[in-house]
Chemist: 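Have a look at this one before I ask anything.
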Amino acid sequence: MKKQDLSQIITAFQTQFNTRPSDMFFSPGRVNLIGEHTDYNGGHVFPITLTLGTYGVARRRKDQLVRLYSLNFPELGVISFEISDTTKLPEHNWANFVKGVIKSLTELGYVIDYGFDLAIDGDIPIAAGLSSSASLELLIGVVIQRLFDFKIPRLQLVMAGHQAENDFIGVNTGLMDQFSVGFGAPNTAIFLDTNTLGYRLVPVILHDYEIIIMNTNKPRSLVTSKYNERVRETQQALQALQTELPIESLGDIDMTTFTSHQKLIKDPLLLKRARHAVSENQRTIKAVKQLAQGDLIEFGMLLNQSHASLRDDYDVTGIELDTLVTAAQEFPGVLGARMTGAGFGGCAIALVPKKSRARFEQQVGARFHQVVGYDASFYDVEIGPGAQWIGPVKD
């Protein structure tokens, strides 16, 4: 779906709510180039925002009713609740994200005393690791900001989405997803220090190469996966290191310091988890430098090293992701490939020669189908803007 063609969602809004929307919105998905499972460990991340995303049309109401409709989940019909109702709906109901963001913004002091009608449609593959959740959270944030004429600093919108994800939905994610969706810009990646929230935009210049997203089409839920388990494991490893090191996160140390103190971590499993968090942070810092200098070969090598660490030390890949990434890495001319997102299924990325795109997708796809038994999907990456109001709905 393109921003210029929102007629389908506008029609759905009119059909479901018997009125016309006033405003149009867009919020992107994101893919992380490198820096995986570092955000909740105080490290660096390097995401880009996609032109895939979540679209919404909305209208403020004169009562306190919120009415929601998703073209992605038409079987749910219209979901309605009072603006003050913070009762959690059954798990996996997308309206929980709306409730969570409303609750977070209310706790920040914003008075949301009227309801609204909202219809959405997204073209991000659900549960693929491209941040469909953060995209929805920031969409809701900009909808509320516009409809109620709030002057909400962008970082507050980001924090409200993050709080909704952690406290209301119940997934202990770091801040990367919401931050990248909130602060993304075309043709740039965000080099973010999740410890300080300091960031800079880095131009993504790939010359004769392009980034291809490879989707395993194996859905997974962060709530039911081992994601929260990894958060606990790295926190336990950190606590062991803190008995001698004055650090607040694993992102505070380099590999030399880690290696000289790793004996403090008695559990071999926790040692592996911490080694990934520390080494991945260092790889990310180096990768940003190499990309800025135009050294795509070294950048690609770091992508490969990242996947190996996620596979061997963090154990978040699996046969689907490993099959895709190995096939991609073995394709002639590919500079690097790695899983991206939380893992346990979802997506991977590859740095592919533009001239080889069609052959790459055919050969890697065939290898994946041979091993796994079903098809992968492939997406060409365009780097777009962050969450935004598109404009008014014209009569």
Side-chain angles (χ1 to χ4, degrees), residues 27 29-30 32 36-42 45 47 54 66 68 70 72-73 76 79 81-108 110 112 118 120 122 124-141 143-144 156-182 194 218-239 249 273 277 314-316 318 340-347 387:
S27 182
R30 71 97 188 96
N32 194 25
E36 220 62 75
H37 288 277
T38 53
D39 56 345
Y40 55 82
N41 285 307
V45 293
T54 311
V66 175
L68 309 171
S70 172
N72 299 110
F73 304 105
L76 295 178
I79 302 169
F81 58 88
E82 294 291 317
I83 194 73
S84 59
D85 181 5
T86 58
T87 306
K88 196 169 182 179
L89 296 165
E91 191 176 357
H92 304 310
N93 190 315
W94 72 275
N96 281 325
F97 290 93
V98 182
K99 287 192 168 194
V101 173
I102 290 172
K103 185 172 185 289
S104 296
L105 288 173
T106 300
E107 290 173 355
L108 285 169
Y110 295 97
I112 307 173
L118 169 66
I120 68 166
I124 309 172
I126 302 298
L130 302 180
S131 289
S132 56
S133 296
S135 177
L136 176 57
E137 289 154 5
L138 268 294
L139 179 86
I140 298 159
V143 165
I144 291 173
Q156 274 198 346
L157 279 182
V158 166
M159 298 300 288
H162 183 243
Q163 182 180 342
E165 182 96 18
N166 282 204
D167 298 343
F168 200 82
I169 303 300
V171 184
N172 295 323
T173 63
L175 193 63
M176 173 184 65
D177 294 355
Q178 292 81 11
F179 196 99
S180 56
V181 171
T194 63
K218 177 189 177 183
R220 85 284 179 272
S221 166
L222 290 183
V223 178
T224 56
S225 74
K226 294 185 178 180
Y227 184 94
N228 289 346
E229 182 179 303
R230 293 297 178 275
V231 175
R232 291 192 297 271
E233 289 168 343
T234 48
Q235 288 302 305
Q236 289 169 7
L238 171 64
Q239 289 166 9
S249 71
R273 304 299 191 243
Y314 224 60
D315 191 21
V316 292
T340 185
F344 315 109
C347 290

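Because only heavy atoms are used, hydrogens play no part in the values below, and waters and symmetry mates are left out as well, while side chains stay in. Source: prediction; values computed, not measured.
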Chemist: Run Gln178 and Met159 through side-chain contact (heavy atoms from CB on, under 4.5 Å) and show every step you take.
Modeler: CA-CA 8 Å; Gln178 292 81 11; Met159 298 300 288; over 6 Å; no
Chemist: Minimum heavy-atom separation for Pro125 to Leu130, with atom names?
Modeler: CD-CD1, 3.9 Å
Chemist: Within this structure, what is the CD1-CD1 distance for the pair Ile120 and Ile140, rounded to the nearest 0.5 Å?
Modeler: 7.5 Å
Chemist: Under the salt bridge (Lys or Arg N to Asp or Glu O under 4.0 Å) test, which residues partner Glu82, sequence neighbours left out?
Modeler: none
Chemist: Nearest 0.5 angstrom please: Tyr40 OH to Gln235 CD, how far?
Modeler: 9.5 Å
Chemist: Given 3.5 Å as the limit, does a donor-acceptor pair link the side chain of Arg230 with the main chain of Tyr314, or not?
Modeler: yes
Chemist: Once side-chain hydrogen bond (donor to acceptor under 3.5 Å, both in side chains) is applied, do any residues pair with Gln156, and if so which ones, sequence neighbours excluded?
Modeler: Tyr110
Chemist: Would you indicate whether the side-chain heavy atoms of Phe81 and Val98 approach each other to under 4.5 Å?
Modeler: yes
Chemist: Whether the side chain of Asn32 engages the backbone of Thr340 through a donor-acceptor N/O pair (distance < 3.5 Å, no angle test) should be reported.
Modeler: no
Chemist: Please confirm whether the ring centroid of His37 lies under 6.0 Å from the ring centroid of Tyr227.
Modeler: yes
Chemist: Any idea which heavy atoms bring Leu68 and Ala95 closest together, and the distance?
Modeler: CD1-CB, 3.7 Å
Chemist: For a quick test of reading the model, state the closest non-hydrogen atom pair linking Leu138 to Ala387 and the distance between them.
Modeler: CB-CB, 3.9 Å
Chemist: Quick one: pull up CG in Leu76 and OG in Ser70 and give me the separation to the nearest 0.5 Å.
Modeler: 7.5 Å
Chemist: Please report the closest heavy-atom contact between Arg30 and Gly341, naming both atoms and the distance.
Modeler: NH2-CA, 4.2 Å
Chemist: Go through the steps to decide whether Lys99 and Leu89 satisfy the test side-chain contact (heavy atoms from CB on, under 4.5 Å), and finish with yes or no.
Modeler: CA-CA 9 Å; Lys99 287 192 168 194; Leu89 296 165; 4.2 Å; yes
Chemist: Can you spot which of Leu136, Thr54, Asn72 makes a side-chain contact (heavy atoms from CB on, under 4.5 Å) with Ile124?
Modeler: Thr54
Chemist: Are the side chain of Ser135 and the backbone N or O of Ser27 linked by a donor-acceptor pair below 3.5 Å?
Modeler: yes
Chemist: For residues Glu233 and Lys226, determine if any side-chain heavy atom of one lies less than 4.5 Å from a side-chain heavy atom of the other.
Modeler: no
Chemist: Would you compute the distance between atom CG of Leu157 and atom CD1 of Ile144 and round it to the nearest 0.5 angstrom?
Modeler: 9.0 Å
Chemist: Is any side-chain heavy atom of His162 closer than 4.5 Å to one of Leu175?
Modeler: yes
Chemist: Looking only at heavy atoms, what is the nearest atom pair of Ala277 and Thr38, with distance?
Modeler: O-CG2, 3.9 Å
Chemist: To the nearest 0.5 Å, what is the distance between CD1 on Ile102 and OG1 on Thr86?
Modeler: 10.0 Å
Chemist: Hey, what do you get for OG (Ser132) to CD (Glu137), rounding to the nearest 0.5 Å?
Modeler: 9.0 Å
Chemist: Can you list the steps and then say if Phe179 with Thr194 is a side-chain contact (heavy atoms from CB on, under 4.5 Å)?
Modeler: CA-CA 9 Å; Phe179 196 99; Thr194 63; over 6 Å; no
Chemist: Answer yes if the side chains of Thr234 and Asn41 hold a donor-acceptor pair under 3.5 Å, and no otherwise.
Modeler: yes
Chemist: When you measure from the side chain of Lys88 to the backbone N and O of Phe168, does any donor-acceptor pair fall under 3.5 Å?
Modeler: yes
Chemist: Glu36 vs Val45, test: side-chain contact (heavy atoms from CB on, under 4.5 Å). Steps then yes/no.
Modeler: CA-CA 7 Å; Glu36 220 62 75; Val45 293; over 6 Å; no
